[in-house]
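Input: a single structure, listed below in structure tokens.
This one's a predicted model, so the numbers in the text were calculated from it and none came from an experiment.
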Amino acid sequence: AYIGLKSNFNYHTYEYLLCSINPAVRLTAAEYFVSQSVHNNEALSRRIEQVFEQTPKVDTLFGCLGTKADARELVAELASQTIE
């Protein structure tokens with residue numbers, strides 16, 4: 001559903017999604033802001049930091065293997081792929 005809707009999302013939508021009850025949605029919003037290099041908004045930076053504090057590790061797949069990963073590192077990696 002997200003892939004079908006994301007073309008309609010903007011800065012304010014992602015800002016709203018940072019407060020989602022779902023941690024995966026919050027991390028997706030953090031990925032958007034990291035990929036956009038949004039660093040000049042102190043309140044937004046604090047909120048993203050809270051997201052990483054609340055969800056320090058995530059379950060993910062590398063190839064066909066399930067593993068735990070550091071959320072901050074995974075978001076940075078995915079954000080850099082978004083830019084390329």
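Leu27 and Ile3 fall within the same hydrophobic cluster, defined by Ile, Leu, Val, Met, Phe, Trp and Tyr side-chain heavy atoms under 4.5 Å apart, directly or through other members. Tyr11 and Leu5 fall within a single hydrophobic cluster, where Ile, Leu, Val, Met, Phe, Trp and Tyr are joined by side-chain heavy atoms under 4.5 Å apart, directly or via other members.
Annotation: salt bridge (charged side-chain N to carboxylate O under 4.0 Å, His left out) contacts involving residues 17-26, sequence neighbours excluded, are absent.
Phe33 is not listed as a side-chain neighbour of Asn41, based on a closest heavy-atom distance of 4.5 Å or more. Put simply, the side chain of Gln81 reaches to within 4.5 Å of the side chain of Leu78, judged on heavy atoms. Arg46 is not listed as a side-chain neighbour of Glu49, based on a closest heavy-atom distance of 4.5 Å or more.
The ring pair (Phe, Tyr, Trp, His ring centres under 6.0 Å) check on Phe62 picks up nothing, with sequence neighbours excluded. Under the rule for a side-chain contact (heavy atoms from CB on, under 4.5 Å), the partners of Asn22 that lie at least two apart in sequence or sit in another chain are Ser20, Ala24, Val25. Applying the side-chain hydrogen bond (donor to acceptor under 3.5 Å, both in side chains) rule to Thr13 yields the partners Asn10; only residues at least two apart in sequence or on another chain are considered. Judged as a side-chain hydrogen bond (donor to acceptor under 3.5 Å, both in side chains), and not counting sequence neighbours, Tyr32 has no contacts. In this structure, Tyr16 has no side-chain hydrogen bond (donor to acceptor under 3.5 Å, both in side chains) partners at least two apart in sequence or on a different chain. With sequence neighbours left out, the side-chain hydrogen bond (donor to acceptor under 3.5 Å, both in side chains) criterion links Glu73 to no other residue.
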What pairs of donor and acceptor atoms, side-chain ones from residues 52-60 against any protein atom, are under 3.5 angstrom apart with sequence neighbours left out?
unit_1	atom_1	unit_2	atom_2	d
Asp59	OD1	Lys68	NZ	3.1

(request) Any chance you could lay out the side-chain contact (heavy atoms from CB on, under 4.5 Å) test for Leu44 and Leu18, step after step, and finish with the verdict? (result) CA-CA 9 Å; Leu44 183 62; Leu18 277 175; 3.3 Å; yes
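Taking CG of Asp70 as the start and CD of Glu77 as the end, the distance is 11.0 Å to the nearest 0.5 Å. Atom SG in Cys19 sits 8.5 Å away from atom CD in Gln50 (nearest 0.5 Å). Rounded to the nearest 0.5 Å, atoms NZ (Lys6) and CG (Leu17) are 13.0 Å apart.
Residue Ile48 comes nearest to Ala30 through the heavy atom pair CG2-CB, 4.1 Å, listed as atom of the first residue, atom of the second, then distance.
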